[in-house]
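First comes the structure, then the notes that go with it.
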Amino acid sequence: SETFNAYGHKLNSNPLIKFIEYYLLLAGVVHGVTATIATFRKRKFIQKAPAKNGILAITAVAGLIFVVFHLLDLRFGEKKHVRIGGENIVDLFGLQMKLFASPGRVLFYEAGVLAIGVHLWKGWTKAARKMDVESKELKSAFESLGHALVLPVCTAFAICPIYVYWLARNGGGAVLRILDGGNVVNASNSYGSISDERIKQNIADASSQWDDIKALKIRKYKMKKLV
């Protein structure tokens, strides 16, 4: 988990990430606008066989919904931090363990990745076959190149939620971690403070707290993900 978080922190700290994010945002907006215009112009053709002729539009909408939720979950959602190597960094490992402990969320991500994969596959195929070149061999090679890129990338993204879900269900996740800065992270919470005599003064025996202790209610339960 610490290796995963350290890698994620290093990746997110790279100044090129911001450039890539803005580039993808701009490219997505331009592609979305041009594709919407093209879909509107071909609406009568699409209406004849929506499932066949409108596959790009359908997968585009599904993919957009997925991307929005993906960003809300992992980019703009609430984040907890852990201290590793003297730095406070985002606990991406814990976030994914919590997110993909839900089978419903895993299925949602699988459907989203499938929609994006189909959109990329069909879109690339369509673009390759419309290339303004006479060589059929070149068109075929370009089409195969796109498919060779789409398949492994989408497969990797599809495997990740399944693996994390399996890890969470089979006790592969960290139940309790004590980090070098003294922070404690368990399966459902994190604690950033420790009792350190060196930072305290006027230490004295407290009065009896037995009545308060007896008033505590002890509960037993089962974690939902283990049921």
Side-chain angles (χ1 to χ4, degrees), residues 17-78 92 95-169 224-225:
I17 289 296
K18 287 293 182 183
F19 171 78
I20 294 172
E21 286 182 341
Y22 288 129
Y23 168 76
L24 291 175
L25 176 61
L26 178 61
V29 170
V30 172
H31 178 72
V33 171
T34 55
T36 300
I37 294 173
T39 301
F40 179 77
R41 290 175 177 173
K42 296 181 178 179
R43 61 188 183 280
K44 292 183 179 179
F45 172 72
I46 294 175
Q47 289 172 355
K48 294 179 180 179
K52 179 182 178 181
N53 300 335
I55 187 65
L56 285 175
I58 294 171
T59 53
V61 173
L64 178 61
I65 294 173
F66 164 73
V67 168
V68 169
F69 277 93
H70 176 74
L71 291 175
L72 290 175
D73 285 336
L74 299 175
R75 181 67 172 85
F76 301 109
E78 182 181 359
L92 290 175
L95 179 61
Q96 290 201 44
M97 289 293 291
K98 180 179 179 181
L99 182 66
F100 295 127
S102 166
R105 187 51 66 95
V106 173
L107 290 175
F108 172 76
Y109 267 72
E110 295 303 308
V113 171
L114 177 62
I116 290 178
V118 172
H119 188 82
L120 291 173
W121 187 281
K122 292 289 185 178
W124 189 283
T125 301
K126 185 177 180 180
R129 293 177 181 179
K130 287 187 175 182
M131 288 178 63
D132 189 20
V133 293
E134 295 183 0
S135 174
K136 292 183 179 180
E137 290 77 11
L138 182 59
K139 287 184 178 181
S140 179
F142 189 70
E143 182 177 338
S144 298
L145 174 63
H147 293 168
L149 293 173
V150 170
L151 191 59
V153 170
C154 289
T155 300
F157 272 98
I159 289 174
C160 287
I162 297 174
Y163 174 70
V164 175
Y165 174 75
W166 176 85
L167 202 61
R169 297 289 294 185
K224 292 180 179 180
K225 68 179 183 180

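One is the number of the first residue; the rest follow in order along the sequence. Please read all numbers here as calculations on a predicted model, not as lab measurements.
- Around atom CZ of Phe108, more than 12 heavy atoms belonging to other residues, nucleotides or ligands sit under 6.0 Å away.
- When every heavy atom of Ala158 is checked against every heavy atom of Glu110, the shortest pair comes out as O-OE2, 2.6 Å.
- Taking each heavy atom of Leu95 and Leu74 in turn, the nearest pair found is CD2-CD2, 3.7 Å.
- Rounded to the nearest 0.5 angstrom, Leu107 CG and Ile162 CD1 are separated by 9.0 Å.
- Interatomic distance, NE2 of His70 versus CG of Leu72, reported as 10.5 Å (0.5 Å rounding).
- Looking at every heavy atom in both residues, Pro161 comes nearest to Val106 through O-CG2, 4.0 Å.
- The ring pair (Phe, Tyr, Trp, His ring centres under 6.0 Å) analysis of residues 130-155, with sequence neighbours excluded, yields the pairs Trp121-His147, Trp124-Phe142.
- The SG atom of Cys154 lies 11.5 Å from the CD1 atom of Ile159; values are rounded to the nearest 0.5 Å.
- Of all non-hydrogen atoms in Lys122 and Leu56, the two that sit nearest each other are CB-CD2, 3.8 Å.
- Formation of a donor-acceptor pair under 3.5 Å by the Arg43 side chain with backbone atoms of Phe40 is found in this model.
- Here the side chain of Ser140 pairs no donor or acceptor atom with the backbone of Lys136 at under 3.5 angstrom.
- Residue Ile20 holds its CD1 atom at 4.5 Å from CD1 of Ile17, rounded to the nearest 0.5 Å.
- One finds the CG atom of Leu145 at 5.0 Å from the CG atom of Leu149 (value rounded to the nearest 0.5 Å).
- The minimum heavy-atom distance between Phe69 and Tyr109, with the atom names listed, is O-OH, 4.2 Å.
- Taken to the nearest 0.5 Å, the NZ atom of Lys139 stands 13.0 Å off from the OG1 atom of Thr125.
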